[in-house]
2 protein chains.
Amino acid sequence: MDPHLLRTYVAVARLASFSDAARELGYTQSAVSQHVAALEADLGLPLLTRRPVAPTPAGERLLEHAGALLLRLDAARADLDRFAAAPRATLNVAASPLALHPRALAALPATGVTLRALPRDRVPAAVATGEADAGLVDGIAAPSDPLRLPDIAPLAATRVAEEPLAVVLPATHPLAGRTGVRLDDLVDARWLDAPAAGVPLGELRAVHGGPAGRGFRTALRYEGTDTRTLAALAADGHGLALLPLPAAGGVPGAAAVPLVAPRLVHRTELLLAAGARREAAGPVAEFSRRLRS
Amino acid sequence: MDPHLLRTYVAVARLASFSDAARELGYTQSAVSQHVAALEADLGLPLLTRRPVAPTPAGERLLEHAGALLLRLDAARADLDRFAAAPRATLNVAASPLALHPRALAALPATGVTLRALPRDRVPAAVATGEADAGLVDGIAAPSDPLRLPDIAPLAATRVAEEPLAVVLPATHPLAGRTGVRLDDLVDARWLDAPAAGVPLGELRAVHGGPAGRGFRTALRYEGTDTRTLAALAADGHGLALLPLPAAGGVPGAAAVPLVAPRLVHRTELLLAAGARREAAGPVAEFSRRLRS
DNA sequence: GAAATTTACGCTATTCGTAAATATC
DNA sequence: GATATTTACGAATAGCGTAAATTTC
């Protein structure tokens, strides 16, 4: 189970071709074939069917392991590399769309900043592998609870902000006038699933504690990142949206009603590779220090 | 960052000796020295001080990564090995002390069972690496929330049971007569820290959502696994204990008062390596099926 | 029979052990 | 000076590419 072999195997499985994988990895087809053969011999299992090239059931399993494994390996290397490298002169921030809290924006250094929007679940990996120096992620959690992040690598998470959650509904909706809604009142409602722009429904289900069982049916899926659009969709009756309260207001035809039960908040966290915390100077340290205070 | 090198490095760091590590791994001292040198060259960093042998700061960092990495690697191998192997004839269960719920005991097959008690945090690893065929873990969580387990490998977790939590206090305690207590009433209290026998205070703090900030001072630490002893200590005024309600009752001089706020439960889960779920027959499948129904 | 994967084979680079050299307490 | 780590060096091995063989559509 040499990582090289795993890496090759993953590439072959992804591209469904030995030859294409060889091109991508800079090997000959022969070498790729030998890699896969070695892996199969090592595990005593066929991993791929040939013609067409597709993973066997055992191969599917291995893919799950291999992905995480290679990610961790890259993360370890990146983290250790940071030890040796000089403090960076620029700051590379990966952020999920809703994590760009004013407090975070205010803490950004004046120059040398690159800000990249990434899907929520790719932010931790970006920080771990060194693609980004710092990450800003959001999610929902119980008040003052940390977010549940996948542990790709030892990352230091710091609270940046917590805001109430709000349900966005059409101004004509019977609940629109309320000062607060309970989620239980809305289990039968149709929701907008907007993993990028809004709070992902899956996460809500996880935190709220419903097993796959009840509710949260999806009416429409929106794949963009614009919260105004999302609120407009909600105003137009395509389904309910869940947003941080500050982001939910001010859309014509829409009412934002705070979610009062269960007691959940929209939380933003700063993510730093643990190795990066040693840096005493530089924009990464500066950004981190400002957000911490 | 070859896993072999990492494994050697970890052994050297743990044993604080090149020679001892060589003996343990079945290499010569020379080979071990070369391994460490190769790693240091690869990363461009010194990882160990010699005489005495101890990890440098960078080495410490690497240890964190390496541990998780090697664990995942072992888990992957074990998981794939299960694919090739014939269904096991015996059932090897790893369980944290409080996870031995009657429902779990009742589901055990009549013969061929080995039951091993393990600290809570080692159960997932035991299942992942194949040391155990199945695991029973407990912890505290919001009602019908899954436990937060470290993701060493893709493990399938199933709910086995949820029980109310109870605070165990001396019968003479002012709150002893209550039908329920709120945790907020007890932040100033002294607690028994019994990571093995009771619910770990750290976990409570995490779920309840206090950052390192307030409360949960420890009066006495008990490292055994016996809940009766723990309750007796609480009865004797050495501090408060937190136990699942069923385990908390019936101790002379002690009162068990259900915890009513925050709404948390003691939860037990069955852990199965995802690879093992394919087994249609055998004691592992039988055990799993009985607990699922 | 064309396209793709596997196998054969030779070259090179790596890895490990023996043994000598060197460093540290 | 004894103990422990490093270095030098040779033998075995593993890994890759070229090219021929084989498989499959």
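Naming: A, B, ... by sequence-line order, numbering from 1 per chain.
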| With a 6.0 Å cut-off on ring centres, are Tyr222(B) and His238(B) close enough? |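 Ring centroids of Tyr222(B) and His238(B) are no less than 6.0 Å from each other.
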| query | First contact, last contact: which nucleotides of DNA chain D are these for chain A, 5' to 3', heavy-atom distance under 4.0 Å? | reply |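 It runs dC16(D) to dC25(D).
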| said: Distance check, rounded to the nearest 0.5 Å: Leu108(A) atom CG versus Leu291(A) atom CG? | reply: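 One gets 8.0 Å once the value is rounded to the nearest 0.5 Å.
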| request: List in numerical order all residues of residues 37-49 of chain A for which some heavy atom is under 4.0 Å away from an atom belonging to DNA chain D. | output: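 Result for residues 37-49 of chain A: none.
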| query | Which of residues 18-31 of chain A have a heavy atom under 4.0 Å from DNA chain D? | reply |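 Those residues whose heavy atoms fall under 4.0 Å from DNA chain D, taken from residues 18-31 of chain A in numerical order, are Gly26(A), Tyr27(A), Thr28(A), Ser30(A), Ala31(A).
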Under 3.5 Å donor-acceptor, [X] side chain and [Y] backbone:
| X | Y | answer |
| --- | --- | --- |
| Arg120(A) | Asp138(A) | yes |
| Thr129(B) | Ala125(B) | yes |
| Thr56(B) | Pro46(B) | yes |

| message | Tell me the interatomic distance from Arg51(A), atom CZ, to dA3(C), atom C1', rounded to whole angstroms. | response |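 About 6 Å, once rounded to whole Å.
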| Taking CG from Asp2(B) and C1' from dT14(C), how many angstroms apart are they, rounded to a whole number? |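 Roughly 11 Å, once rounded to whole Å.
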| said: Classify Val32(A) by what it touches in the nucleic acid, base, sugar-phosphate, or nothing, heavy-atom distance under 4.0 Å. | reply: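 Counting heavy atoms under 4.0 Å across all strands, no contact is made by Val32(A).
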Looking at [X] and [Y], what are the two nearest heavy atoms and their distance?
| X | Y | answer |
| --- | --- | --- |
| Leu63(B) | Pro55(B) | CD1-CG, 4.1 Å |
| Leu272(B) | Ala134(B) | CD1-CB, 3.6 Å |
| Ala273(B) | Arg82(B) | CB-NH2, 2.9 Å |

| Which residue, Val53(B) or His4(A), contacts DNA chain D at a nucleotide closer to its 5' end, judged by nearest heavy atom? |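 Result of the comparison: Val53(B).
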| request: Map Arg50(A) and His35(A) onto DNA chain D by nearest heavy atom, then report which one ends up closer to the 5' terminus. | output: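 Going by which nucleotide is closer to the 5' end, it is His35(A).
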| field | Salt bridge present between Arg61(A) and Glu64(A) (N-O < 4.0 angstrom) | value |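 Result for this pair is yes, salt bridge flagged.
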| request: Would you work out how much the helix from dG1(C)-dC25(D) to dC25(C)-dG1(D) bends between its ends, with each end axis defined by five base pairs, to 10 degrees? | output: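 Inter-axis angle at the ends, rounded: 40°.
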| query | Taking atom CZ of Arg122(A) as the centre, does the number of heavy atoms from other residues, nucleotides or ligands within less than 6.0 Å exceed 12? | reply |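 Open.
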| said: Pair Leu80(B), Met1(A) - check side-chain contact (heavy atoms from CB on, under 4.5 Å), show working. | reply: CA-CA 11 Å; Leu80(B) 270 287; Met1(A) 298 240 312; 5.8 Å; no
| Partners passing salt bridge (Lys or Arg N to Asp or Glu O under 4.0 Å) against Asp42(B) (at least two apart in sequence or in another chain) |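 Scan of Asp42(B) (salt bridge (Lys or Arg N to Asp or Glu O under 4.0 Å), adjacent residues dropped) gives Arg77(A).
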| Which residues share a salt bridge (Lys or Arg N to Asp or Glu O under 4.0 Å) with Arg50(B), sequence neighbours left out |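 By the salt bridge (Lys or Arg N to Asp or Glu O under 4.0 Å) rule, Arg50(B) matches Glu40(B).
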